[in-house]
Undergrad: 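Please read through the structure below; I'll follow up with questions.
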2 protein chains.
Amino acid sequence: MSPGAANQPKKHVSAREALAANIVALRHERGWSQEALAFECGLHRTFVAHVERLSRNISLDNIERLALALGVQPFELLKPRSD
Amino acid sequence: MSPGAANQPKKHVSAREALAANIVALRHERGWSQEALAFECGLHRTFVAHVERLSRNISLDNIERLALALGVQPFELLKPRSD
DNA sequence: CTGTGACTTTCAGTCCGTC
DNA sequence: GGACGGACTGAAAGTCACA
């Protein structure tokens, strides 16, 4: 069935949605572009863009890299932002 | 300072280690075998075993599935279990 | 600077069997 | 019940062109 992808009718925020929201929010807080974040974590611009748009299922390894670049703990990227 | 890890200059406890520790701990709390957990989250016995032994990089989608099976939030599986 | 589809390579995830 | 190795399939990583 593929829950997620680009669907709206979700009750509890999926892990992908929470991750994307946190990445965008933290990136903007730092005034970084997708390019800048991609450079900081050693990933590519388009890959980061795909993750932010929920178009990709990222793995733990890259979640950790993004967290490191953004200066937060990996679990903080999955936590619904109440910051 | 340095809660949890003793001495790691640039690496905190890796996300994989935290995840594995949480899965094992929560699984034992419920008195489940690897087989039982694998069945509950719709993954395979050997894959769960690999993740617990840090031999495999899991994707967000399956982290969410494990969290659901264990009855916790996805981010709680990545959070170092010291609280 | 960002969104997206398409593409190739790498590896996550399954399934076998053995200790 | 759990650790581990081999082999296979499909999905994630990584990159590009273009909107």
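Note on naming: letters A, B, ... go to the chains in the order of the sequence lines (proteins, then strands), and numbering restarts at 1 for each one.
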Undergrad: Given dA3(D), dA12(D), dG13(C), which nucleotide is nearest the side-chain atoms of N57(A)?
TA: dA12(D)
Undergrad: Tell me whether F47(A) at atom CZ has more than 12 heavy atoms from other residues, nucleotides or ligands lying less than 6.0 Å away.
TA: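 Atom CZ in F47(A) is crowded, with more than 12 foreign heavy atoms closer than 6.0 Å.
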Undergrad: Nearest whole angstrom, please: distance from the P of dT2(C) to the CG of L54(A).
TA: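 Distance check: L54(A) CG to dT2(C) P gives 16 Å.
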Undergrad: Side chain of R56(B), backbone of V51(B): donor and acceptor closer than 3.5 Å?
TA: no
Undergrad: Taking for each residue the nucleotide of DNA chain D with the nearest heavy atom, is it S33(B) or N62(A) whose nucleotide lies nearer the 5' end?
TA: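 Between the two, 5'-proximity favours S33(B).
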Undergrad: Tell me the stems DNA chain D sits in, counting at least three consecutive Watson-Crick or G-U wobble pairs, each under 3.5 Å on both distances.
TA: C:2-19 with D:2-19
Undergrad: Check whether any side-chain heavy atom of L77(A) sits under 4.5 Å from a side-chain heavy atom of L78(B), and report yes or no.
TA: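 The answer is no; the side chains never approach within 4.5 Å.
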Undergrad: Does H44(A) place a side-chain N or O at less than 4.0 Å from the phosphate oxygens OP1/OP2 of dT15(D)?
TA: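 For dT15(D), OP1/OP2 do have a side-chain N/O of H44(A) under 4.0 Å.
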Undergrad: Mind checking R16(B) for me? I need base, sugar-phosphate or nothing, with any heavy atom below 4.0 Å counting as a touch.
TA: nothing
Undergrad: When you measure from the side chain of N62(B) to the backbone N and O of I58(B), does any donor-acceptor pair fall under 3.5 Å?
TA: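 Checked: no pair found.
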Undergrad: At less than 3.5 Å, do the side-chain atoms of R56(A) and the base atoms of dG14(D) form a donor-acceptor pair?
TA: yes
Undergrad: How long is the line joining CZ of F47(B) and P of dA11(D), in whole Å?
TA: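 Computing the F47(B):CZ to dA11(D):P distance gives 14 Å.
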Undergrad: Quick one: label R27(B) by what it contacts on the DNA or RNA (base, sugar-phosphate, nothing), any heavy atom closer than 4.0 Å.
TA: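 Touches sugar-phosphate only.
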Undergrad: Report the distance from atom NE2 of H28(A) to atom P of dC1(C), rounded to the nearest whole Å.
TA: 13 Å
Undergrad: What is the distance, to the nearest angstrom, from the CG atom on L66(B) to the P atom on dA12(C)?
TA: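 Distance check: L66(B) CG to dA12(C) P gives 15 Å.
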Undergrad: When we call it a touch if two heavy atoms are under 4.0 Å apart, what does D61(A) touch: a base, just sugar-phosphate, or nothing?
TA: nothing
Undergrad: Answer with base, sugar-phosphate or nothing: what part of the nucleic acid does E52(B) contact at a heavy-atom distance below 4.0 Å?
TA: nothing
Undergrad: Find the distance I23(A):CD1 to dT2(C):P and express it as a whole number of Å.
TA: 13 Å
Undergrad: Is the side chain of E64(A) donor-acceptor paired with the backbone N or O of D61(A) at a distance under 3.5 Å, no angle test?
TA: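 Checked: no pair found.
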Undergrad: Assign each of V51(B) and R45(B) to its nearest nucleotide of DNA chain C by heavy atoms, then name whichever residue's nucleotide is nearer the 5' end.
TA: V51(B)
Undergrad: What integer distance in Å separates R53(A):CZ from dC1(C):C1'?
TA: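 Roughly 13 Å, once rounded to whole Å.
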Undergrad: What's H50(B) touching, base or sugar-phosphate or nothing? Going by heavy atoms closer than 4.0 Å.
TA: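 Touches nothing.
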Undergrad: What integer distance in Å separates L43(A):CG from dT10(C):P?
TA: 17 Å
Undergrad: Counting only N and O atoms by type, is there a donor-acceptor contact under 3.5 Å from the side chain of R45(A) to the main-chain atoms of Q34(A)?
TA: no
Undergrad: For R30(A) and L70(A), what are the C-alpha separation, side-chain angles and deciding distance, and is it a side-chain contact (heavy atoms from CB on, under 4.5 Å)?
TA: CA-CA 8 Å; R30(A) 282 152 185 72; L70(A) 289 165; 4.2 Å; yes
Undergrad: Answer with base, sugar-phosphate or nothing: what part of the nucleic acid does T46(A) contact at a heavy-atom distance below 4.0 Å?
TA: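 Base contact - T46(A) has a heavy atom under 4.0 Å of at least one base atom.
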Undergrad: Between dA12(D) atom P and I63(A) atom CD1, what is the distance in whole Å?
TA: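 Between P of dA12(D) and CD1 of I63(A): 12 Å.
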